[in-house]
Amino acid sequence: MSVSTEEKNKCSGAEALMRCLLAEGTELIFGYPGGAIMPIYDALYDYPELEHVLSRHEQGAIHAAQGYARSSGRTGVVFATSGPGATNLITGIADAMIDSTALVCITGQVSSKLLGTDAFQEIDIISISMPVTKWNYQVTDVTELPEILAKAFYIASSGRPGPVLIDITKDAQFALADFEYKKCNSLRSYRPVPNVSQEAIDRAAEIINNAKKPFLIFGQGILLAKAEAELRNLLEKTGIPSAWTILGLSALDSDHPLNMGMLGMHGNYAPNIMTNECDVLIAVGMRFDDRVTGDLKRYAKQAKVIHLDIDPAEIDKNVKTEVAVLGDAKETLQRLSAKLDANVHFDWISQFHELEKIEESKVKNKDLYPTEGPITMAEVIRMVNEKTGGDAIVVTDVGQHQMVTCRYAKFKQTKSKITSGGLGTMGFCLPAAIGAKLGAPERTVIAVIGDGGFQMTIQELGTLFQTKAAVKILILNNEFLGMVRQWQELFFDRRYAYTEMQNPDFVRIASGYGIEGSTVKEREKLSDALDGMLNYPGSYLLEVMVGKEDNVFPMVPTGASVSEIKLGPE
């Protein structure tokens, strides 16, 4: 049912919402019904062109919407009822806020005459969600609903993306009003993309052109700005080595000769060491998170820092900049590149390669090519790379498996790595992988999960069963909360307080949802088991038993400088 933005007729608030969603090009909604949002679900029944995915928990719905938004580049849409339905969204909203994911969350609310009376399933979701939303609003008057929805989609997707929550009282869902929808393209008090300063571009170019040891680090801002080609062109023109944050992974081909790897606590040896050796540090679309910088008092103090970002609030927040270039990365990188001299930095890059050899000999070879002992997480990811050719979307949960996957997964396509970055939400992966598959149905989607995080949203196997999304679930099972256990080993005298897991039979649980699966424990059977998972026509769960007490290295200990990155336990 198509609708013109100029069409006017009387309809209920609930139906007006459907028409707003269609006008914004929405095709897929994730949600869970309940009393206060029932009129909206009743209206949805008459709009089959709006596909709805029924999650098994509201947290599953919002993580699925995040995965959908990240794989498709579109705005995710979520429905939830009032009270616990709305509060169950908060973890996902917070996750989307810190990871800059565009979401429009619609919650039902008790009738306006009951607001403030502690009515059944009433909660002040506006106050609760305010710190973790880009914008929120409660609709009590049906006549304002189209305008508010237009603002919601514009704010969520423009500038630095983020989640927006619109709370709609039940009486506003029932009430009738004339419908007219006009897309929002600007707001008087809101400037999502700052004007680019040519003076800042010129100053940055001068510094980079005079640099002897320049280093470029990039984050998810490249992906959000669709600036992958601009980044690659700048690097290839100037010969500047680069590295990425975990949310920037897949913005540049993993095997590109100027891609030096991952930054941060469990990042690669060379990029961390060279951060404190470069003379110019160019940061693009990243926010200098503490997991990237380590001790800020000893971070890149020798370098002139040039920071390109769309959000003025990120400038000088953690790291003092020499030059700030505000604007959309697609534009700023293009304009900056035009001012840069063609160059090569053979001697400087050779220093990265020498450090890379050290990491290979002390860490990578042991991780990727073990000859004895239990299966390692790294060798599983290496085999996945070999079998997918770097073309799959890989979604991870949070923990050791996440760091290993970020370190060793290879990607040739953009928007290929989806994870919970800033909030570090266990339970993210399974529902996010379902959303990612629905957002990019033509691509292979692999959910790499630890045994701990899997059980936090294990009920979403029901969503997978009902949607029939062909997600490949790869559980790396070490029978521990692995990352916490590693810290307990290294910093708490091996006092493993409540981190050992007694797990159920995951394969049997999956079979109860009609999902095929198997378990592999022997190295010689791993390759065939992965083939079985990847070649199966539908969803499949493969549990791989890995070393119980393996650690992830390199590692920058908490409070240490990135120069103090360790290649193994002392």
Side-chain angles (χ1 to χ4, degrees), residues 2-8 13 15-31 40 50 62 65-66 68-70 72-79 89 92-94 96-107 125-126 129-168 172 177 179-196 220-221 223-227 285 309-314 326-331 439:
S2 62
V3 60
S4 167
T5 57
E6 298 300 323
E7 182 180 349
K8 289 186 178 182
E15 185 177 354
L17 173 62
M18 302 305 124
R19 296 185 181 190
C20 293
L21 294 175
L22 288 174
E24 290 292 342
T26 302
E27 297 176 348
L28 193 61
I29 300 161
F30 301 87
I40 286 174
L50 289 171
I62 194 161
Q66 289 176 270
Y68 171 84
R70 299 264 288 272
S72 69
R74 307 180 71 175
T75 299
V77 178
V78 186
F79 286 176
L89 295 179
I93 293 173
M97 184 68 175
I98 200 165
D99 282 356
S100 303
T101 304
L103 299 179
V104 171
C105 305
I106 307 295
T107 54
I125 195 62
I126 296 298
S129 65
M130 189 173 294
V132 291
T133 49
K134 194 174 176 186
W135 182 61
N136 66 13
Y137 191 87
Q138 185 175 76
V139 175
T140 60
D141 180 353
V142 65
T143 62
E144 63 180 357
L145 195 147
E147 179 185 0
I148 295 303
L149 261 292
K151 287 182 180 179
F153 275 91
Y154 174 62
I155 292 171
S157 61
S158 59
R160 181 178 180 175
V164 169
L165 183 140
I166 305 301
D167 193 44
I168 309 174
F179 178 81
E180 180 180 9
Y181 192 79
K182 294 181 179 179
K183 281 197 173 186
C184 180
N185 295 308
S186 65
L187 291 170
R188 185 173 58 182
S189 59
Y190 173 57
R191 180 179 291 180
V193 182
N195 293 327
V196 180
Q220 189 184 204
L223 296 162
L224 296 174
K226 299 180 175 64
D309 208 281
I310 199 169
D311 186 354
E314 293 299 339
L326 290 171
D328 183 88
K330 192 173 187 70
E331 180 183 359

TODO: Looking only at non-hydrogen atoms, find the nearest pair between A227 and A329 and report the distance.
DONE: CB-C, 4.0 Å

Open item on the list: Could you check whether any side-chain N or O of R74 sits under 3.5 Å from a backbone N or O of E27, counting only pairs where one atom can act as donor and the other as acceptor?
Closed with: no

Task: Residue from V164, I125, I62 passing side-chain contact (heavy atoms from CB on, under 4.5 Å) with C105 - done: I62

Task: I29 vs L50 side-chain heavy atoms within contact, under 4.5 Å - done: yes

Open item on the list: Please report the interatomic distance OG1(T107) to CG(L165), rounded to the nearest 0.5 Å.
Closed with: 4.5 Å

Open item on the list: Checking I98 now: which residues fulfil side chain to side chain contact (heavy atoms under 4.5 Å, CB included) with it, not counting sequence neighbours?
Closed with: R287, L423

Open item on the list: If I compare all heavy atoms of P312 with all of L326, which pair ends up nearest, and what's the gap?
Closed with: CA-CD2, 3.8 Å

Open item on the list: Measuring only between side-chain heavy atoms, which start at C-beta, is L149 closer than 4.5 Å to V139?
Closed with: no

Task: Side-chain touch I148/W135, heavy atoms, less than 4.5 angstrom - done: yes

TODO: Supply the atom-to-atom distance K330 NZ to I310 CD1, rounded to the nearest 0.5 angstrom.
DONE: 13.0 Å

- [ ] Considering non-hydrogen atoms only, spot the tightest contact between Q66 and A96 and give its length.
- [x] NE2-N, 3.5 Å

Open item on the list: Using every non-hydrogen atom in the two residues, find where L28 and V77 come nearest and quote the distance to one decimal.
Closed with: O-CB, 4.1 Å

- [ ] To the nearest 0.5 angstrom, please state how far the CD atom of E24 sits from the NZ atom of K183.
- [x] 4.5 Å

Task: Minimum side-chain heavy-atom gap Q220-R70 below 4.5 Å - done: yes

Task: Pairwise distance CG(L17) to CD1(I40) - rounded to 0.5 angstrom - done: 5.0 Å

TODO: For a side-chain contact (heavy atoms from CB on, under 4.5 Å) with D167, tell me which candidate from I126, N136, T140 qualifies.
DONE: I126

Task: Distance (rounded to the nearest 0.5 Å) between I168 CD1 and Y137 OH - done: 11.5 Å

Side chains of residues 152-160: which donor-acceptor pairs under 3.5 Å do they make with residues two or more places apart or in other chains?
from, atom 1, to, atom 2, distance (Å)
Y154, OH, N185, O, 3.2
S157, OG, F153, O, 2.8
S158, OG, Y154, O, 2.6
S158, OG, Y190, OH, 2.8
R160, NE, S100, OG, 2.9
R160, NH1, D311, OD2, 2.8
R160, NH1, E314, OE2, 2.8

TODO: Compare every heavy atom of G76 with every heavy atom of A69, then report the nearest pair and how far apart it is.
DONE: CB-N, 3.9 Å

- [ ] Find the distance between OG1 (T26) and CE (M18) and round it off to the nearest 0.5 Å.
- [x] 10.0 Å

Open item on the list: Please give me the minimum heavy-atom distance between G439 and S72, naming the atom from each residue.
Closed with: O-CB, 3.6 Å

TODO: Decide yes or no for T101 and P161: does some side-chain heavy atom of the first lie under 4.5 Å from some side-chain heavy atom of the second?
DONE: no

Open item on the list: Against the six-membered ring of Y181, is R19 placed for a cation-pi contact (under 6.0 Å from the centre, within 45° of the normal)?
Closed with: no

